[in-house]
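First the structure, in the form of C-alpha cells, and then the observations on it.
Below, all heavy atoms of this structure are taken into account, side chains as well, without hydrogens, waters or symmetry copies. Every number for a ligand or one of its atoms is a count from 1 in the order of the listing.
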Amino acid sequence: MNCDVWWAGPGQAIDALLGLLDDRERERHGRFRVQADRDRYVVAHALARLTVARAAGCDPRDVAFTLRCRGCERRPDPRPEPHGKPRPAGTAEGLEISISHSGARVVVALARGVEIGVDVEEVSGSRDIDGLAEYALTDPERADLAALPEADRAAGFFGYWARKEALLKSTGDGLSGGLANVAVNAPTEPAEVTAWNLPDAPEHVWLTDLDAGPAYRAALAALTPGPVAVTSHDGAQLLAL
Ligand SMILES: CC(C)(COP(=O)(O)OP(=O)(O)OC[C@H]1O[C@@H](n2cnc3c(N)ncnc32)[C@H](O)[C@@H]1OP(=O)(O)O)[C@@H](O)C(=O)NCCC(=O)NCCS
Ligand SMILES: [Zn+2]
C-alpha cells in the first residue's frame with residue numbers, strides 16, 4: 001500500500017485558509033490564546049482538507065470529517081462533544097488520514113483503505129525526561145534510553161513518544177490507550193512494535209520513523225502487515241491556494 005505524508009509549518013498560516021475549515025474547527029481555532037497554536041491548527045486542518053480533496057478529486061470545501069475517539073467508546077462517561085480521530089466522509093470516503101503538529105512542523109498522512117497514525121514531536125531539552133519516561137515507557141524501554149549517551153537522551157525519548165503516539169493514533173485510541181501499553185524497540189534501531197498490551201490490540205501493524213529534521217522526531221503507523229511505500233510531499237504549494 002501507499003501512504004502520502006504532507007509537511008508544512010505554522011508560518012504558512014494565511015487568513016484564506018480559515019475559509020476551508022468547518023464551523024466546529026473555526027470555533028476551536030478562535031479559542032486558542034497563543035498565535036502559534038492557532039497557526040498550527042489552521043494549517044493542519046486546511047492541509048488535511050486540501051490533501052484529501054486532491055486525492056478524492058473534489059473541492060476542499062466539500063471535504064467533511066467524522067470524528068471518533070476509541071478511548072471514549074470504552075468509557076461509561078464519554079466526552080459529549082465530537083472529538084478524536086478524523087475520518088473523511090462523503091465524497092472522500094475510503095481515504096484515511098492522521099494529523100499532527102508540534103513546534104514548526106505540521107504533518108498530515110493520507111492513505112486509502114488502511115487506518116494510519118502520524119506523530120511529530122519537537123525535541124525539548126527543558127522537559128523532565130526522567131519523569132516523562134516513568135509515565136510513557138516500559139521497563140525495557142527505560143533501560144535502553146538510560147544506555148544512550150546523556151546528550152542523546154531527550155531526542156531518544158521523543159523518538160519513543162512519536163512512535164507510540166503514532167501507533168495509538170492509528171487505532172483511534174489516542175493517549176487514552178496508554179503510552180506504556182505499547183512497546184517499541186530502541187530508537188537507534190529501525191522502528192518495530194515489540195508488545196501491545198491491550199485485549200483489542202490490532203493484529204497487524206507497520207511502523208516507521210519519519211525524518212522531520214534534527215530537532216524533531218516523527219513516526220508513521222499503519223494497521224497493515226505492510227510493506228508501506230511512503231512518499232513525502234511539501235504542502236507549501238497546496239496551502240498557498
Ligand atoms: C489528540 C491526541 C491524540 C494527542 O495529541 P497531541 O500530541 O497533543 O497532538 P498531535 O498534534 O500529535 O495530534 C493532534 C491530532 O490528532 C487527532 N486526534 C485527536 N484524537 C485522536 C485519536 N483518539 N486518535 C487519533 N487521532 C486523534 C486530531 O486530528 C488532532 O488534531 P487537532 O488537535 O488539531 O484537532 C490525544 O490523545 C491527546 O492528547 N489527548 C489528551 C487528552 C484528551 O484531550 N483526550 C480527549 C479524548 S477523551
Ligand atoms: Zn474521547
Which residues pass the side-chain hydrogen bond (donor to acceptor under 3.5 Å, both in side chains) test with Asp4, sequence neighbours left out?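 Only His233 meet the side-chain hydrogen bond (donor to acceptor under 3.5 Å, both in side chains) criterion with Asp4.
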Which residues share a side-chain hydrogen bond (donor to acceptor under 3.5 Å, both in side chains) with Glu27, sequence neighbours left out: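 Glu27 satisfies side-chain hydrogen bond (donor to acceptor under 3.5 Å, both in side chains) with Arg31 once adjacent residues are dropped.
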Heavy atoms from other residues, nucleotides or ligands near CZ of Arg127 exceed 12 (cutoff 6.0 Å): no
Are the side chains of Glu115 and Arg87 in touch, meaning some heavy atoms are under 4.5 Å apart? yes
Please say yes or no: joined through hydrophobic side-chain contacts below 4.5 Å, possibly via intermediate residues, are Leu21 and Leu67 part of one cluster?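 The answer is no; the residues belong to distinct hydrophobic clusters.
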Ligand 1: protein residues within heavy-atom distance under 4.0 Å: Arg28, Tyr41, His45, Cys69, Cys72, Arg75, Arg79, His83, Gly84, Lys85, Pro86, Ile99, Ser100, His101, Asp119, Glu165, Lys169, Gly172, Asp173, Gly174, Leu175
Who clusters with Leu132? Use side-chain heavy atoms, under 4.5 angstrom, across I, L, V, M, F, W and Y, and order the result by chain and number.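 Under the 4.5 Å side-chain rule, Leu132 groups with Val123, Ile129, Tyr135, Leu137, Leu145, Leu148, Phe157, Phe158, Tyr160, Trp161, Leu167, Leu168, Leu175, Leu179, Val182, Val184, Val193, Trp196, Leu198, Val205, Leu207, Leu223.
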